[in-house]
S.K.: 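Can you read through this structure? Questions will come right after.
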Amino acid sequence: MVSDIRVRFAPSPTGYLHVGGARTALYNWLFARHAGGLMILRIEDTDVDRSKPELTTAILESLEWLGLKWDEGPIYQSERLDRYRAMALNLERAGRAYPCFCTPAELQTKRAKAESERRPWKYDGTCRALTEADRERLRAEGKLAAVRFRVPDSGVTTFEDIVFGHIEVDHRDLEDFVLLRSDGHPTYHLGVVADDLDLRITHVIRGADHISNTPKQILMYQALEAPTPIFAHLPLILGPDKQRLSKRHGATSVGAYREQGVLPEALVNFLALLGWTPRGQKEIVAIEEMIRSFDLAAVSKSNAVFDLEKLAWMNSEYLRSLPVERLLPLVKQELSGAGLAMGFKDGEQTEEKLRQTVFLLQSRARTLKDFPGAFRAFFTDDFAFDPEAVKKYWKDAAVAILLDELAGRMAATEPFDLAGTERTLRTLAEEKGVKAGVLINAARVALTGQGVAPGLFDVMLVLGRNRVVSRLRQAADRLRSSEGHGLSQGN
RNA sequence: GGCGCUAUCGUCUAGGGGUUAGGACGUCAGAUUCUCAAUCUGAAAACCCGGGUUCGAUUCCCGGUAGCGCUACCA
């Protein structure tokens with residue numbers, strides 16, 4: 001399906017891609033895909049002081065990682081300065097804008113004074129009625145001028161927002177805002193309108209923090225005698241304290257979640273559900289299904305708290321349902337990133353063994369980081385023993401003897417498979433008069449260093465007989481050597 | 001302060017003039033089991049307040065309150 005719908009995502013490179021920005025990008029993308037339209041990427045780098053080129057690269061990477069491919073761009077505002085100046089000049093010639101010689105310092109003073117007197121402040125129009133002669137004189141004095149838009153004295157501007165509905169603002173509440181700074185750089189308002197016009201954007205989908213800006217921009221479209229795009233504002237994403245999500249709430253950038261081992265599909269699914277519910281009761285929704293049912297009119301009007309717990313749950317759902325073939329390369333990346341290369345160095349861990357290991361572990365992984373982290377013992381012999389697990393499962397003095405005996409019998413178990421290893425262990429337990437669970441738990445700690453792991457016999461198969469036997473023996477040694485000096489006390 | 005917007009379980013939300021107000025995450029309890037995860041069963045948990053309209057409002061209208069946003073020569 002092809003349509004002439006054109007939307008854009010326009011981040012400014014003053015920070016990494018924020019999850020709020022990511023959701024805006026996602027909704028734009030879903031809307032375009034749903035309607036058969038195009039998404040244009042634009043970089044709003046007109047703030048020379050705060051914009052950093054390397055951040056643009058990072059933003060692009062994050063978008064790609066999320067799978068939100070844009071159709072045109074990126075277009076850089078910093079390369080279109082002439083266009084903005086020309087537009088400001090046009091507006092000036094048409095009497096819809098005027099040069100303003102007030103300095104930021106002067107304005108700041110007036111603003112502060114008004115505030116201290118608890119008077120509402122908006123630009124007082126000092127330069128509004130300047131004559132051409134006044135302007136010549138000021139320019140001759142070397143004064144720099146910004147260009148301000150002349151807001152009509154009366155009337156109201158209204159628009160129908162796809163998500164928020166009817167919005168109305170009285171012109172008396174709007175000030176003559178700056179279009180072009182005195183250094184010749186455009187402000188946000190000028191850049192957005194000029195670009196959205198030139199790029200023939202049909203739908204402006206952006207954060208609700210821009211609702212108040214919209215009437216100003218509509219006024220500009222009207223002054224330019226240009227058609228106004230359709231607007232759709234998205235509720236904001238909040239932290240747990242209901243304050244706008246920021247660094248102090250922890251990770252806010254897409255890149256940070258990537259580094260924490262979150263899958264892009266999970267983050268996308270989670271973000272999609274923050275403010276929008278696809279038809280049906282399912283929470284795990286495939287991207288194709290989202291595209292099919294996406295509807296801006298169904299987007300919520302209220303802000304949403306970013307719930308890390310739910311993201312974690314969703315990530316584990318995606319991790320679990322990922323085909324091993326697709327999970328395997330991701331795990332390998334994590335392992336080598338953690339210096340664990342591709343599993344055991346002795347070559348015992350073949351590709352197939354690695355696959356089985358990952359398959360065994362994937363149902364209990366919360367993030368990709370669990371593989372080099374909590375599951376470390378499955379990939380290297382250099383792992384630590386959890387003191388809590390040791391305390392809980394190795395407290396019986398007979399454990400050392402049992403583990404030694406178990407090692408011996410495992411060495412002789414034929415076949416070394418699920419049924420064989422289990423039979424061996426249960427037989428030993430019965431002979432020694434201990435509950436199988438005691439032996440199983442003690443062995444689990446010996447093999448993984450943890451009190452928590454997959455089923456013991458699955459673990460044994462994945463580790464392989466040699467490794468099982470040696471780890472059981474080492475554990476027995478460790479226990480004997482520490483007897484009487486504190487290991488059993490957990491320190 | 002001014003202006004704008006919003007308001008259903010702790011969180012994300014469905015719903016809508018008459019419902020036992022539904023689902024999901026989380027929480028708690030139980031089942032299962034070698035631990036954990038998963039799974040299954042069950043439980044606690046919400047319509048911000050006040051007026052109006054109406055036979056009947058959580059739903060529609062108004063007001064209040066609260067929260068958020070904007071109030072820059074940031075975006």
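Proteins get letters first, then strands, A, B, ... in listed order; numbering begins at 1 in each. Values in this document were obtained by computation on a predicted structure and should not be read as measured data.
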S.K.: Taking the P atom in each of rU13(B) and rU8(B), what is the distance between them to the nearest angstrom?
M.R.: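 So the two P atoms sit 9 Å from each other.
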S.K.: Between E317(A) and L236(A), just flag the one whose closest nucleotide in RNA chain B comes earlier from the 5' side.
M.R.: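 Looking at RNA chain B, the more 5' nearest nucleotide goes with E317(A).
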S.K.: Which value, in whole Å, describes the distance between the C1' atoms of nucleotides rA14(B) and rU59(B)?
M.R.: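 Nearest-Å result for rA14(B) against rU59(B) at atom C1': 13 Å.
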S.K.: Is any side-chain N or O of R426(A) closer than 4.0 Å to OP1 or OP2 of rC34(B)?
M.R.: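 For rC34(B), OP1/OP2 do have a side-chain N/O of R426(A) under 4.0 Å.
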S.K.: At under 4.0 Å between heavy atoms, what does L456(A) touch on the DNA or RNA strands: base, sugar-phosphate, or nothing?
M.R.: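 Touches a base.
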S.K.: Taking rA37(B) as the reference, what is the distance to rA29(B) when you measure between their P atoms (whole Å, please)?
M.R.: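 Looking at atom P only, rA29(B) and rA37(B) are 13 Å apart.
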S.K.: Does a nitrogen or oxygen in the side chain of R111(A) sit under 4.0 Å from OP1 or OP2 of rA72(B)?
M.R.: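 It does, given that an N or O in the side chain of R111(A) lies less than 4.0 Å from OP1 or OP2 of rA72(B).
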S.K.: If I pick the P atom on rC40(B) and the same atom on rG51(B), what distance separates them, to the nearest angstrom?
M.R.: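 Here rG51(B) and rC40(B) have their P atoms 46 Å from each other.
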S.K.: Is the phosphate of rC3(B), meaning OP1 or OP2, less than 4.0 Å from a side-chain N or O of R172(A)?
M.R.: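 Negative; the distance criterion is not met.
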S.K.: Please give the distance between the P atoms of rG30(B) and rG67(B) as a whole number of Å.
M.R.: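 Looking at atom P only, rG30(B) and rG67(B) are 40 Å apart.
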S.K.: Using a cut-off of strictly less than 4.0 Å, decide whether T46(A) has a side-chain nitrogen or oxygen near OP1 or OP2 of rA75(B).
M.R.: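 Answer yes for this pair, as a side-chain N or O of T46(A) is under 4.0 Å from OP1 or OP2.
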S.K.: Between rA45(B) and rA21(B), how far apart are the two P atoms, rounded to whole Å?
M.R.: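 The same atom, P, in both gives a distance of 13 Å.
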S.K.: For R206(A), answer base if it contacts any base atom (sugar-phosphate contacts may also be present), sugar-phosphate if it contacts only those atoms, and nothing otherwise; contact means non-hydrogen atoms under 4.0 Å.
M.R.: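 No contact.
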S.K.: Rounding to the closest angstrom, what is the interatomic distance between rG69(B) and rC12(B) at atom P?
M.R.: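 After rounding to an integer number of Å, I get 15 Å for this pair.
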S.K.: Checking all strands, does E283(A) fall into the base, sugar-phosphate, or nothing category for heavy-atom contacts under 4.0 angstrom?
M.R.: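 Contact class for E283(A): base.
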S.K.: May I ask you to say what T277(A) touches in the nucleic acid, namely base, sugar-phosphate or nothing, with a heavy-atom cut-off under 4.0 Å?
M.R.: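 It contacts sugar-phosphate atoms only.
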